[in-house]
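Presented below is the structure to which this report refers.
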Amino acid sequence: MKISVVGCGYLGAVHAASMAELGHEVIGIDIDPARIESLQQGIAPFHEPGFDALLKKNASRLTFTTDMSAAADTRVHFVAVGTPQSADGSADMTYVNGAIKGLVPHLLKGDLVVGKSTVPVGTAERLSAHVTQAGAILMWNPEFLREGFAVHDTLRPDRLVYGVPEGTVGDTATAVLDEVYADILAKETPRLVMNFATAELVKVAANSFLATKISFINAMAEIADVTGANVTQLADAIGYDTRIGRRFLNAGIGFGGGCLPKDIRGFVARAEELGVGEVLSFLKAVDDINIRRRTRVVDVLTEELGNVEGKTIAVWGISFKPDSDDIRDSPALDIAESLARAGATVVSADPEGWKPAQARVERAGLSMSLTTTSDHRAAVQGASALVVATEWKVFQDEDPEIIAGLMTQKVVVDGRNCLNSGSWKAAGFHYRGMGRN
Ligand code: UGA
């Protein structure tokens, strides 16, 4: 089939390449000429394992352009633009509205527009009128991909969710998207068809649940800290109950990235608009617990060093999670910036995140006190303390004996509980975990 994908960020670019992998002819459209240029050359504009290879493998079926009129040659149009957080916490719909407005003049009767962006409940209903006027059908098909596993999650999703309009038009939309995803469905992927509102809510409910799980275990970590309990053992023990499950119960410095934090805030803002804000008040607590985790690391360092001012501190990790160069709302970078603002000299190391972080550090006016590098050993040279803020494998595999020899004081704060505490202690480190020591 001929498919267009409007928006070529993490979601859209991976979706475009994955649709080409399924055998479709795909046109990716984005307003950013540099991004399009890079994609057109087969070079991934961000770090995502397996994505470069997918782009190259499917180059013959992939075109990228900034010209929205290219969508006129295709019959299925995915909308995968961003919905960043507005100043008031709600989702900024500028790009989604712009994408639909830009697409409508190029739609033909019978075309299918498939929304993938994470949107406030009620959006699809509102936009459907514009698409229907052009004789096309709108449906919503939320995406559940995780950065770092984006290619796998797109081609082998846990489930497919279709939000469709009522009546036969909904059946038509389902049939067309089934054809697009035929190979995925052939692998017995569960596919759930529902109305617009349910599909929109599924996405924010899933992210809210995940965020709640993380903040729950982080609350337990704080309790563990004052009681001498071990939060990792606690998570293991409760996780054996299949009703609870062990995944997303890793305590640490909390969640970040372009999705979980903004989605819970956007959900709260939307519920308030709908007059039911109170029912989601627990999500504010989830957000508060999450932000407290970042302050907690600075507090632990202050306990260990007396004062962070004037101290050299190494931070391993800049990206919000390993195997990603995404620094949006990254707890690791936030902590490094807080330490720099508190008067420490900070060297942050990350295999990928160091590149995008440089510009942000300069914008924040912190380049005198916060430097970034890809070399995690260079970062600890002469440092009084090390904070492990993103659990890259290369950090976990590091030999603490070597690191001990490079530092002036042997203090390690394991912000992700990802180190082998025994071997770091054996190397002479004062080890501080998050809810375990
Ligand atoms: C998240 C969801 O997991 C995806 O299902 C969803 O599709 C995506 O948002 C989205 O809305 O587009 P992602 O942002 O890639 O995916 O990251 P996650 O793997 O969910 O991790 C989020 C944050 O939680 C990271 O900072 C991670 O370090 C943290 N985390 C995760 C914990 O602190 N503890 C855990 O146990 C798990």
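If you're wondering where the values come from, they're calculated on a predicted model, not measured in any experiment. Atoms within a ligand are numbered from 1 in the order they appear, just like the ligands themselves.
Between Trp424 and Tyr431, the ring center distance fails the sub-6.0 Å criterion.
Counting non-hydrogen atoms of neighbouring residues, nucleotides and ligands closer than 6.0 angstrom, the CZ atom of Arg292 reaches no more than 12 such neighbours. Atom CD of Glu125 has 12 or fewer heavy atoms from other residues, nucleotides or ligands within 6.0 Å. The environment of Tyr95 atom OH is sparse: at most 12 non-hydrogen atoms of other residues, nucleotides or ligands sit within 6.0 angstrom. Under a cut-off of 6.0 angstrom, the local environment of CZ in Arg156 is sparse, with at most 12 non-hydrogen atoms contributed by other residues, nucleotides or ligands. Applying the 6.0 Å contact sphere to NZ of Lys56 captures more than 12 heavy atoms from other residues, nucleotides or ligands. With a 6.0 Å radius and a threshold of 12 heavy atoms from other residues, nucleotides or ligands, Glu179 has its CD atom at or below the threshold.
At the top of the distance list for atom 19 (O) of ligand 1, counting protein heavy atoms only, stands Lys321 NZ, 2.8 Å. Looking at atom 33 (O) of ligand 1, its nearest protein heavy atom turns out to be Arg416 NH1, 3.2 Å. The nearest heavy-atom contact from the protein to atom 5 (O) of ligand 1 is Phe144 O, 2.9 Å. The protein atom (non-hydrogen) at minimum distance from atom 6 (C) of ligand 1 is Leu145 O, 3.3 Å.
Backbone and side-chain nitrogen or oxygen atoms of Lys203 are examined, and one is located within less than 3.5 angstrom of a nitrogen or oxygen of ligand 1. Ligand 1 has no N or O atom lying under 3.5 Å from any N or O atom of Leu210, backbone or side chain. Note: no N/O pair closer than 3.5 Å links Pro331 and ligand 1 by distance alone. Note: no N/O pair closer than 3.5 Å links Ile214 and ligand 1 by distance alone.
The parts of Arg146 lying near ligand 1 are both backbone and side chain, judged by heavy-atom distances below 4.0 Å. Contacts between Arg247 and ligand 1, counted as non-hydrogen atom pairs separated by less than 4.0 Å, are absent for every part of the residue. Looking at Glu143 against ligand 1, only its backbone comes within 4.0 Å, counting heavy atoms. If you look at Leu260 next to ligand 1, the close heavy atoms, those under 4.0 Å, all belong to the side chain. If you look at Asn207 next to ligand 1, the close heavy atoms, those under 4.0 Å, all belong to the side chain. Under 4.0 Å from ligand 1, not a single heavy atom of Thr390 appears.
Close contacts between ligand 1 and Asp263 involve ligand atoms 11 (O) [criterion: under 4.0 Å to a heavy atom]. Listed by atom number, the atoms of ligand 1 under 4.0 Å from Phe255 heavy atoms are 23 (C), 24 (O), 26 (O), 29 (C). Near Glu147, meaning under 4.0 Å from any of its heavy atoms, are these atoms of ligand 1: 15 (O).
Compare Ile253, Asn417, Asp329, Asn250 by their heavy atoms: the one nearest to atom 35 (C) of ligand 1 is in Asn250. Of the candidates Phe248, Tyr10, Phe149, it is Phe248 that places a heavy atom closest to atom 20 (O) of ligand 1. Of the listed residues (Ala251, Pro322, Cys259), the one carrying the non-hydrogen atom nearest atom 9 (O) of ligand 1 is Cys259.
Not a single heavy atom of Gly252 lies less than 4.0 angstrom from ligand 1.
You'll find the side chain of Glu398 reaches within 4.5 Å of the side chain of Arg377, heavy atoms only. Side-chain contact between Phe46 and Ser324 is absent, with no heavy-atom pair separated by less than 4.5 Å.
With respect to Ser215, the side-chain contact (heavy atoms from CB on, under 4.5 Å) criterion is satisfied by exactly one of Asn290, Leu283, Ile291: Asn290. Partner of Tyr162 under the side chain to side chain donor-acceptor pair (under 3.5 Å) criterion, out of Asp178, Thr174, Asn195, Asn141: Asp178 alone.
For the 3.5 Å distance criterion, the side chains of Glu37 and Gln41 qualify, holding a donor opposite an acceptor. Between the side chains of Thr94 and Asp92, a donor-acceptor pair is found at a separation under 3.5 Å.
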